[in-house]
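Predicted model, so just to flag it, every value in this text is computed and none were measured. Below, each value reflects all heavy atoms present in this structure, side chains not excepted, and no hydrogens, waters or symmetry copies.
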Amino acid sequence: MVRPKKIVVIGGVAGGMSAATRLRRLDEQADIVVLERSGYVSFANCGLPYHLSGTIEQRSSLMLQTPASLAARFALDVRVKSEAVEINRDAKTVIVRNLETKKEYVESYDFLILSPGAAPVMPGQPGAERAMSMRDIEDLDRAMAWLESKPTTALVLGGGFIGIEVAENLVKRGIQVTLLQRGNQLMKNLDPEMAVMLTTRMRAAGVDLRFNTTAREFTKKTVTLSTGEEISADVIFSAMGVRPEIGLAQLAGLRIGENGGIWVDAEQRTSDPSIFAVGDAAEKTDSISGEPRLATLAGLANRHGHSVANAIAQAPVVPATPALGTSIVTFEGLAAASVGWTETALRAESRNIRIVHAHPANHAAYYPGAETMRLKLIVDADTDKILGAQGVGGSGVDKRIDVIATAMFAGITASNLAQLELAYDPQHGSAKDPVNMLGYINRNIAEGFTRTIEWHQLELFRNEGWEILDVRTVGEHKFGAMPESINIPLDTLRENLEHLRGKKVVVHCQVGQRGHTATRILTQEGVEAVNLDGGYLTWKAGMASKGDQK
């Protein structure tokens, strides 16, 4: 009789539990042990901030499974408050410490799955011990207990996903929030002219955003900033990022990747073929560069856990797909989503790229409730490959970024976005969906029908003698205009061509569409003209973002 396989999973939540439950579905006889250091093995960690405000009313709603429910349904031996402290690879054993009794014991394995996650980065200055993170249920319970003391001021350290979500939910509790960001913008996965929309929304909600600022000193009730200012902070949340939990892997002599995560191959195997790693602690392959990267995304953890189970059960394995980094965050109804690389990162790598901005409505403009969204597409100018996309707005932003992420996965070019057949009725889209529009605009540029420049290139063109031509209506120009711009409305452009001959002009309208038409007229009439991508709205957002960088 063949002895059943024994699999030990270190760490639960997305990656570990996905692997364990998939394994059971594939192998009813396997002995599966799950070791979880905290008191909770399966919970919705992405939902934790929303319990702070009561948006998610019941704490129990965040509990997905318990050791008892996992034992009943999947016959899993789940042990909480159990920390793996050492791996003996030669003996294929793990030393486990019971955190309640402090006793240690040895657990053997045939295969080991590491899913330790990532630890929050915490401030290290004296007095900063009172800062809280938002990683697990214990963190949430500590935060909720602190909030029972009725604090009136809060400090959030970090302007990424967790920082924004914590700030939103503290504001909903009526707490005055200050958010410190070490850099000059929120959300590194967005370019500045896109991120500034979040900045505006958060400040409008009362959040005191401080860029290029850190915390220097902590007391029981105050924090001194790097600027020297002292502010009130009854409660402090650290959202400065995370570091992969690699201590156990390092101690076992497993290979650590160049980005500080556990090295794995395409099947999530570590440098030891009997040990796999998934989730935030494991390195991924970047879809754009092909290089190793870290990506702390629940979807990746779930998929990789599934693949590991297949590998152990000798079922067909789909090799790990390179990570696109598709993500979204929302603050008071304003969604900011992205996929792939930013323009900022690609220009730093000296990539030859093409940029497309668009400001379409989320559905037919004539149907009540239409909202403008801001979309950005980043394209390889040599191959027409989509390298990234960003979207900021209300309803429908997630849909468009997901479509583009799917196109990137499938290898669809930027121009072929125009050919996608997408669901349409007036309530949900337009006959030319915003994604289609990005494709059309890109194709016009790629095929040479329109030459465009970006908002951050405008000053360079102005310094080289180009004039700024505003083709919006007189009323729009009076309401807000670029300095020293000439206003000739599009519908009167043909009768004013003599005023433009011999000049080089940067054309702009509100969002870029009329500018494209004007550029086509001028170019065919012998006037050297370029269109300002994304128009006045993109330029205005870009200039606003530069204000925060000082």
Side-chain angles (χ1 to χ4, degrees), residues 4-43 45 64-89 91-99 104-119 136-137 244-249 251-252 254 261-262 264 267-270 272-282 298 300-315 317 320:
K5 296 188 186 95
K6 184 173 182 181
I7 300 99
V8 174
V9 182
I10 299 176
V13 197
M17 293 317 304
S18 175
T21 54
R22 172 67 175 173
L23 266 167
R24 175 57 73 221
R25 294 186 185 100
L26 295 174
D27 187 345
E28 184 62 21
Q29 304 306 315
D31 183 5
I32 304 171
V33 177
V34 180
L35 305 173
E36 170 58 41
R37 182 171 53 190
S38 76
Y40 305 89
V41 71
S42 181
F43 58 91
N45 51 356
L64 305 179
Q65 296 281 357
T66 66
S69 67
L70 289 164
R73 181 166 298 178
F74 296 104
L76 300 178
D77 180 0
V78 178
R79 306 172 192 174
V80 296
K81 301 282 186 172
S82 297
E83 181 178 15
V85 295
E86 187 178 335
I87 300 168
N88 185 326
R89 290 166 51 195
K92 287 194 172 184
T93 58
V94 178
I95 297 177
V96 185
R97 179 180 298 138
N98 184 310
L99 296 179
E104 295 184 353
Y105 61 92
V106 176
E107 194 70 48
S108 64
Y109 67 84
D110 293 309
F111 294 99
L112 185 65
I113 302 173
L114 300 179
S115 181
D136 53 31
I137 296 295
E245 291 263 29
I246 59 172
L248 192 62
L251 189 64
L254 296 177
I262 302 170
V264 292
E267 292 188 350
Q268 302 300 127
R269 276 190 173 85
T270 68
D272 184 323
S274 297
I275 303 177
F276 296 78
V278 297
D280 296 350
L300 290 173
N302 277 295
R303 288 197 294 279
H304 293 163
H306 187 282
S307 295
V308 166
N310 279 29
I312 292 173
Q314 296 183 320
V317 178

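- For the pair Ile87 and Asp272, the minimum side-chain heavy-atom distance is 4.5 Å or more.
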Between Val94 and Tyr109, is a side chain to side chain contact (heavy atoms under 4.5 Å, CB included) present by the stated rule, with each step listed? CA-CA 8 Å; Val94 178; Tyr109 67 84; 3.9 Å; yes
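- Looking only at distances, no side-chain donor or acceptor of Arg24 sits under 3.5 Å from a matching main-chain atom of Leu76.
- Listed for the Ser82 side chain is a donor-acceptor partner under 3.5 Å among the backbone atoms of Val80.
- One distance of note links NZ of Lys6 with NZ of Lys92; it measures 12.5 Å at 0.5 Å rounding.
- Under the 4.5 Å side-chain criterion, counting only non-hydrogen atoms from C-beta, Phe43 is in contact with Val13.
- Under the 3.5 Å distance criterion, the side-chain polar atoms of Asp27 are left unmatched by any main-chain donor or acceptor of Leu23.
- Residue Arg97 is tested with Glu107, Glu104, Glu86 for a salt bridge (charged side-chain N to carboxylate O under 4.0 Å, His left out); the sole match is Glu104.
- Checked against Ile10 for a side-chain contact (heavy atoms from CB on, under 4.5 Å), the options Leu112, Val96, Ile113 give a single hit: Leu112.
- Summarising the geometry of Val34 relative to Ala20, their closest heavy-atom pair is CG2-CB, 3.9 Å, with the distance given to 0.1 Å.
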Checking Ile32 against Phe74 for the side chain to side chain contact (heavy atoms under 4.5 Å, CB included) test, could you report, in this order, the C-alpha distance in whole Å, the side-chain angles of both residues, the deciding distance, and whether it holds? CA-CA 10 Å; Ile32 304 171; Phe74 296 104; over 6 Å; no
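- Separation of atoms OH (Tyr105) and OG1 (Thr93) is listed at 12.5 Å; rounding is to 0.5 Å.
- The distance from atom CG of Asn88 to atom CG of Leu251, rounded to the nearest 0.5 Å, is 10.5 Å.
- Not a single donor-acceptor pair under 3.5 Å links the side chain of Asp110 to the backbone N or O of Ile7.
- When all heavy atoms of Leu99 and Glu83 are compared, the pair lying nearest together is CD2-OE1, 3.6 Å.
- For the atom pair CG (Asn310) and CZ (Arg25), the distance works out to 11.5 Å, reported to the nearest 0.5 Å.
- Nearest heavy atom pair, residue Ala309 against residue Ala19, reads CB-O, 3.6 Å.
- Ser18 contributes no side-chain N or O that, together with a main-chain N or O of Gly305, makes up a donor-acceptor pair within less than 3.5 Å.
- Of the possible donor and acceptor atoms, one in the side chain of Thr270 sits under 3.5 Å from a partner among the backbone N and O of Ile275.
- Glu245 places no side-chain N or O within donor-acceptor distance of the main-chain N or O of Pro116, the cut-off being under 3.5 Å.
- Put simply, the side chain of Arg79 never gets that close to the backbone of Val33: no donor and acceptor are under 3.5 Å apart.
- The two residues His304 and Ala320 make their nearest non-hydrogen contact at NE2-CB, 3.8 Å.
- Under the 3.5 Å distance criterion, the side-chain polar atoms of Gln268 are matched with a main-chain donor or acceptor of Ala277.
- Within the 4.5 Å cutoff, the side chain of Gln65 has no heavy atoms near those of the Val78 side chain.
- Among residues at least two apart or in separate chains, there is no salt bridge (charged side-chain N to carboxylate O under 4.0 Å, His left out) pair with a member in residues 66-75.
- Between atom CG of residue Asn302 and atom OG of residue Ser307 there is a gap of 11.0 Å, rounded to the nearest 0.5 Å.
- Across every non-hydrogen atom of Met17 and Ser42, the tightest pair is CG-CB, 4.3 Å.
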Evaluate side chain to side chain contact (heavy atoms under 4.5 Å, CB included) for Leu254 paired with Leu114, printing each intermediate quantity in order. CA-CA 11 Å; Leu254 296 177; Leu114 300 179; 3.7 Å; yes
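- Nearest heavy atom pair, residue Gly117 against residue Ala281, reads O-CB, 3.4 Å.
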